[in-house]
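Position 1 is the first residue of the sequence, and the numbers go up from there.
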Amino acid sequence: MAGQSRKWMILIATTWIQAFTGTNFDFSSYSSTMKTVLGISQVQLNYLSVASDMGKAFGWCSGVSLMYLPLPVVMFMAAFLGLFGYGLQWLVIKQSITLPYFLVFLLCLVAGCSICWFNTVCFVLCIRNFPFNRAHALSLTISFNGVSAALYTLIANAINPDDDTLYLFLNAFVPLLASSFALIPILRQPPLQLLSTDAISRDSFIFIILNVLAVLTGLYLLLLNSLSSEALRARILLVGALILLLLPLCLPGIVCGRKWARNTIHTSFPLDGSTFSLVDHDDLQLHKELIGSDYDDNLSVDDSLCAETNKEGFFGKIIEKGRLTTLGEEHSARLLVRRWDFWLYFLAYFCGGTIGLVYSNNLGQIAQSLGYYSQISTVVTLYSSFSFFGRLLSAAPDFLRDKVYFARTGWLAVAAVPTPIAFFLLAASGSKAALHVSTAMIGLSSGFIFSAAVSITSELFGPNSASVNHNILITNIPIGSLLYGLLAALVYDSNVKSSTLKITLEEAMVCMGRDCYLQTFVFWGCISLLGLISSFLLFLRTRPAYDQFERNRSRAQFS
């Protein structure tokens, strides 16, 4: 039982790390101040946000480091990268030191590497300690990355609501403190144990409790964060948020208590039902069977599908040609880039989740141009909170699996729907309500895509190759950050030059009015429509493989 309790402590530690290391989400809270202090254009400010996202292109370094160094060492290396990158930026924005633009760019790149290294540490901890509930552990911990902006807003308001430079100071030191608190449970990792049916059922019950607590935490931060404009109220709300983050520490007691109750209390209503489980125990073996053998019914299904697509003509041939027929088949990097399904997946992510991330990086200037400068922290918190809920919702396919089965790529297509609607709504109206509703929709959609992508990569292209293949997939983030952000910055700067509604803050020109981002919203809406189409085509191409897997899973379950 001690080992089981320690693994839950590790999961709680990873949620703390994720909750306090999503420092890229609060960029918009201080971007306007940084632009003013540095006296740079919107295009140059965009390059700074791109630099942070470029850190993901070096994610493989953290994986290589874990091959030679202990995990706590890699975790603190990530913390000190952030301390160096954000700490020097804070000194620059406080005007304590002066650095050329190129060095500030490199500092943003180092800070972006820190975020990626923290993510790798958390993923490895979940995979090592929850081999049977890997998807649920990953989904839960990734979701807490979405509350970082709301937490940092509370902390900043609790110290000084009028100082935007505090965000960089907090970005530098808070992840280091979170790593220090998480160190003890990480050092006491339990050895891997084979779990009984009762143990897996117990784990499923605890995951439900954790998800309920996560929803309560997200609602608390979303609904009450708007009340944190005064320092005293912000401090009270911050204490409440920290209590919610510490509440899962009671889980080891729940584990031991339920074990004691099961052994000592005999009632007609058992605490551990053998039918209650979020994980099918035969899934891993079934993956091997699907990969290693050919089923007769699979051949017949493929033949019938070919016959149908021949009748459908050209569109049917596009859907049929070269698509995946089996889930879980391992793909090398060379085979991956030859798959049409991968490029549809790449495009869906590129035009869906990535464009949502770029939108969040520009939220500060968007709110300012629309005349809602005082609402920046509120809007950033709104995006962060709904990104959190989107990440939690990515676990829906696993929770609803036995009741409502739907291919995970189908869920991805559904999640891509709100983004184009939100951008066209922003183009149609510059009201505060439109800004808030659209930000919530984009946060929800992009959060779901970010979290679900880890499981989709594993299912489509093999679990053992997922770490490499997913790093290939997310190379679209710095590319999209550069292209989409550059598009927005060029439109913004062109309107600064042509518009009479502009103000000068020291050396930085600020564009005011709806025209500053109107064309950008239209372009982004069209691009996100392309992502929606790509995700729908991916669903059509992969649906037979998902259906085949589900039929064989059901057959193995009832045989």
Decide if atom OH of Tyr220 counts as having more than 12 heavy atoms of other residues, nucleotides or ligands within a radius under 6.0 Å.
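Yes - once you tally the heavy atoms of other residues, nucleotides and ligands closer than 6.0 Å, there are more than 12.
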Which pairs pass salt bridge (charged side-chain N to carboxylate O under 4.0 Å, His left out) with one or both residues in residues 435-450, sequence neighbours excluded?
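Listed by first then second residue: nothing to list.
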Report the C-alpha separation of Val43 and Leu490 in whole Å, then their side-chain angles, then the decisive distance to 0.1 Å, and conclude whether the side-chain contact (heavy atoms from CB on, under 4.5 Å) test is met.
CA-CA 6 Å; Val43 172; Leu490 290 174; 3.9 Å; yes
When you compare the side chains of [X] and [Y], does any donor N or O come within less than 3.5 Å of an acceptor on the partner?
X      : Y      : result
Thr520 : Tyr492 : no
Ser528 : Thr419 : no
Ser52  : Asn24  : no
Tyr372 : Thr378 : no

Excluding sequence neighbours, so at least two apart, what forms side chain to side chain donor-acceptor pair (under 3.5 Å) with Thr165?
Asp163
Using the side chain to side chain donor-acceptor pair (under 3.5 Å) criterion, which residues pair with Ser385? Sequence neighbours excluded.
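Here no residue qualifies.
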side-chain contact (heavy atoms from CB on, under 4.5 Å), that's the test. Do Ile97 and Val92 meet it? Break it down for me.
CA-CA 5 Å; Ile97 61 173; Val92 169; 3.9 Å; yes
Do [X] and [Y] touch side chain to side chain, with heavy atoms closer than 4.5 Å?
X      : Y      : value
Leu166 : Tyr152 : no
Leu210 : Leu11  : yes
Ile159 : Ile155 : yes
Gln44  : Leu48  : no
Phe346 : Ile472 : no
Phe118 : Ser179 : yes
Phe448 : Arg391 : no
Trp524 : Val358 : yes

Are Trp8 and Phe130 close enough that their ring centers fall under 6.0 Å?
yes
Measure centre to centre between the rings of Phe386 and Tyr383, then say whether the value is under 6.0 Å.
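No, ring centres 6.0 Å or more apart.
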Please confirm whether the backbone N or O of [Y] pairs with a side-chain atom of [X], one donor and one acceptor, at under 3.5 Å?
X      : Y      : result
Thr36  : Ser32  : yes
Asn476 : Leu473 : yes
Arg514 : Ser431 : no

Nearest heavy-atom neighbours spanning [X] and [Y]:
X      : Y      : value
Glu230 : Pro161 : C-CG, 4.4 Å
Asp515 : Asn495 : O-ND2, 3.1 Å
Thr354 : Phe450 : N-CE2, 4.3 Å
Ser445 : Ala416 : OG-CA, 3.9 Å
Pro175 : Thr21  : CB-CG2, 3.8 Å
Gln89  : Cys108 : OE1-SG, 3.5 Å

Rounded to the nearest 0.5 Å, what's the gap from [atom1] on [X] to [atom2] on [Y]? Could you check?
X      : Y      : atom1 : atom2 : value
Asn211 : Thr217 : CG    : OG1   : 11.0 Å
Cys122 : Met75  : SG    : CE    : 9.0 Å
Cys511 : Gln368 : SG    : CD    : 9.5 Å
Ser451 : Leu393 : OG    : CG    : 9.5 Å

Please report the C-alpha distance between Thr15 and Leu245 in whole Å, then the side-chain angles of each, then the deciding distance to 0.1 Å, and finally whether the side-chain contact (heavy atoms from CB on, under 4.5 Å) criterion is met.
CA-CA 8 Å; Thr15 62; Leu245 288 174; 5.9 Å; no
How are the rings of Tyr101 and Phe105 set relative to one another: parallel (under 30°), tilted (30 to 60°) or perpendicular (over 60°)?
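If you compare the ring of Tyr101 with that of Phe105, the planes turn out tilted.
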Hey, can you tell me if Phe423 and Tyr359 have their rings parallel, tilted or perpendicular (30° and 60° cut-offs)?
perpendicular
Report the C-alpha separation of Leu435 and Leu426 in whole Å, then their side-chain angles, then the decisive distance to 0.1 Å, and conclude whether the side-chain contact (heavy atoms from CB on, under 4.5 Å) test is met.
CA-CA 6 Å; Leu435 177 63; Leu426 283 169; 4.2 Å; yes
ring-ring contact (aromatic ring centres under 6.0 Å, His included) with [X]: which residues, sequence neighbours excluded?
X      : answer
Phe20  : none
Phe388 : Phe144
Tyr86  : none

Show your working on ring-ring contact (aromatic ring centres under 6.0 Å, His included) between Phe350 and Tyr484 and close with a plain yes or no.
CA-CA 10 Å; Phe350 182 66; Tyr484 301 147; 5.1 Å; yes
